[in-house]
Amino acid sequence: MSESIALGRSAFGAFRRALRQWYGANCRALPWRETPDAYAVWLSEAMLQQTTVRTVEPRWRRFLARYPTVQALAAAPLDDVVAEWSGLGYYARARNLHAAAQRVVADFGGRVPDSFEALLSLPGMGRYTAAAVASIAFGEAVAVVDANVERVVARLDAIADPVSQPATKRRLWDRAQELLDATHAGEWNQAVMELGALVCLPRNPQCGACPVARWCAGRATGEPTRYPVKARPAPLRETREVAVVLRRGERVLVLRRPAEGSFAGMWELPRGEALEGEPARDAAARIVRETTGLDCGPRALLLRLKHVVMRRRIELLVWSAESDGGRIRRSRHEAHEWIAPDEWLTRPLSTTQRQIALFLRDGRAPKRSTPPPDTDDGDLFGGS
DNA sequence: AAAGCGGGGCC
DNA sequence: GGCCCAGCTTT
């Protein structure tokens, strides 16, 4: 009776049956599970990278309505595609998707490639996404490992090594491939992910409802939440940024970022990081000078936004200012324009810049903001 | 091997 | 406020 918990080959049949049966009875009715269209499946996988199902669902419908085929996407201007992506984050996904669609049209006769290897050659297609599309849309027997699978497998085998290590990653991929039900690869991959999404939850695993709990070594330890083991994350860096609204009547100055790098091609206010101990008003003037060559006197603090990006905690202070009317000499951007907030909102822009544009148009602070302090000197940085 | 890239939901 | 999410790319 003291049989090992570890799931061995002799139990694969029962393990697969148990999970597939559970999936058949409990899977969510997600729209991309109802289409045989490889392009639609691919789009769902691209959107779902680091993004939750709830967020993706309406955006997937809207994107498909606007770009119903890979040809339509390939023919669309990149700016429109990025604008359509606005709010989803990780905008490189939109640029890669667009480039990949053009490659599909140019090199694959307009048909989404049907093999893992060919898919992997497309921009934005990593191992996960290529395997997901190959298995779900084409039935290829290749396993996926996403955050859900990682958690399920790490618990199943009670893997004690940090999952961030490449060696551990390899082990997870190998194990997932071994467990794969090759005759129903797409359904199987979704079943493992669904288990992670509905039952094998990060903080409150529902082991009592788990169809494969009897094979789970993590559960047997009594502390399934110890897995997957995460390495200690690096501390957050505190940064202060300023952005400046330069007005000309109803219009404001926006600058277009270069086509390469972060926030590529997006339209933003002059902005930048404040130096250590530098008063915000001085930083605002300096950044306007550095980005546009204009001298200005920042007058008032309009808005204060806070957000956390990866390892940085950013406080963004938005100032209004009058320009000296001089000629603009850009140094970090590839275009500039004086436009109304309404027009700005139709361009590619980040959520933070969108919040500023909405504030300028509506005069209301977005949810994520805190009221500007009533200091009139703008030295918010505790310099004194 | 590690960092960079967004944003929203949830506890 | 911290943690997490159907990852990929670059250094």
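Lettering of chains follows the sequences in order, A, B, ..., and the numbering in each one begins at 1.
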Listed pairs under 3.5 Å, donor-acceptor, residues 219-227 of chain A side chains, sequence neighbours left out:
| from | atom 1 | to | atom 2 | distance (Å) |
| --- | --- | --- | --- | --- |
| T221(A) | OG1 | G218(A) | O | 2.6 |
| T221(A) | OG1 | E223(A) | N | 3.1 |

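- Separating the CD1 atom of I356(A) from the C1' atom of dG6(B) is a distance of 15 Å, rounded to the nearest angstrom.
- In this structure, R127(A) atom CZ and dT9(C) atom P are separated by 14 Å, rounded to whole Å.
- Between the CZ atom of R95(A) and the C1' atom of dC5(B) there is a distance of 9 Å, rounded to whole Å.
- Taking the P atom of each, dG4(B) and dA6(C) are spaced 24 Å apart, rounded to whole Å.
- A salt bridge between R330(A) and E334(A) is absent, with no side-chain N of the basic residue lying under 4.0 Å from a carboxylate O of the acidic one.
- Scanning atom types as modelled, no donor and acceptor separated by under 3.5 angstrom connect the side chain of T51(A) and the base of dG7(B).
- Heavy atoms of M47(A) sit nowhere under 4.0 angstrom from any nucleic acid atom.
- Within the 4.0 angstrom heavy-atom criterion, only backbone atoms of the sugar-phosphate kind lie near G87(A); the bases stay farther away.
- Contacts of R203(A) with the nucleic acid, taken as non-hydrogen atoms under 4.0 Å apart, include base atoms.
- Contacts between residues 170-186 of chain A and DNA chain B, counted as heavy-atom distances below 4.0 Å, involve no residue at all.
- Screening residues 107-120 of chain A for side-chain hydrogen bond (donor to acceptor under 3.5 Å, both in side chains), with sequence neighbours left out, gives R103(A)-D107(A).
- Between dG6(B), dG9(B), dA6(C), one nucleotide has an atom nearer to the side chain of R93(A) than all others, and that is dG6(B).
- With D157(A) contributing its side chain and I159(A) its backbone, the two residues share no donor-acceptor pair below 3.5 Å.
- Checking the phosphate oxygens (OP1, OP2) of dC8(C), a side-chain nitrogen or oxygen of T129(A) falls inside 4.0 Å.
- When heavy atoms are screened at a 4.0 angstrom cut-off, R33(A) is found touching base atoms of the nucleic acid.
- At a cut-off of 3.5 Å, with distance as the only test, no side-chain donor of Q49(A) or Y128(A) sits close to an acceptor on the other residue.
- Put simply, CE on M125(A) is 14 Å from P on dG7(C), counting in whole angstrom units.
- With dA6(C), dC5(C), dG8(B) as the candidates, the nucleotide lying closest to the side chain of P202(A) is dC5(C).
- E140(A) places a side-chain N or O within 3.5 Å of a backbone atom of F116(A) that can act as its donor or acceptor partner.
- In this model, the phosphate group of dG7(B) is approached by a side-chain N or O of Y91(A) to a distance below 4.0 Å at OP1 or OP2.
- Side-chain atoms of W42(A) and L119(A), non-hydrogen and from C-beta on, never get closer than 4.5 Å to each other.
- Ion pairing between a basic and an acidic side chain is recognised when a charged N comes within 4.0 Å of a carboxylate O; R33(A) and E194(A) show such pairing.
- Residue order along DNA chain C, read from the 5' end via each residue's closest nucleotide, puts T52(A) first among T52(A) and L122(A).
- If you measure from atom CZ of R54(A) to atom P of dC4(C), you get 20 Å, rounded to the nearest angstrom.
- Comparing R28(A) and P123(A) by the nucleotide of DNA chain C that holds the closest heavy atom to each, the one mapping nearer the 5' end is R28(A).
- For N148(A) and dA6(C), the CG to P distance is 4 Å, given to the nearest whole Å.
- Judged by distance alone, the side chains of N189(A) and S135(A) do bring a donor and an acceptor atom under 3.5 Å apart.
- Within the 4.0 angstrom heavy-atom criterion, no nucleotide atom of any strand lies near A132(A).
- Residue-level contact check: L97(A) touches neither bases nor backbone, having no heavy atom under 4.0 Å from any strand.
- Nucleotides dG9(B) and dC8(C) have their C1' atoms positioned 23 Å apart, rounded to a whole Å.
- In terms of position on DNA chain B, the residue among A92(A) and Q165(A) whose nearest nucleotide sits closer to the 5' end is Q165(A).
- One interatomic measurement links the two molecules: CG of L88(A) to P of dC5(C), which rounds to 18 Å at whole-angstrom precision.
- Contact check, Q50(A) against dG7(C): a side-chain N or O comes under 4.0 Å of OP1 or OP2.
- If Q49(A) and S164(A) are placed on DNA chain B by their nearest nucleotide, the residue sitting closer to the 5' end is S164(A).
- Atom OH of Y90(A) and atom P of dG7(C) are 10 Å apart (whole Å).
- Contacts of W85(A) with the nucleic acid, taken as non-hydrogen atoms under 4.0 Å apart, are absent.
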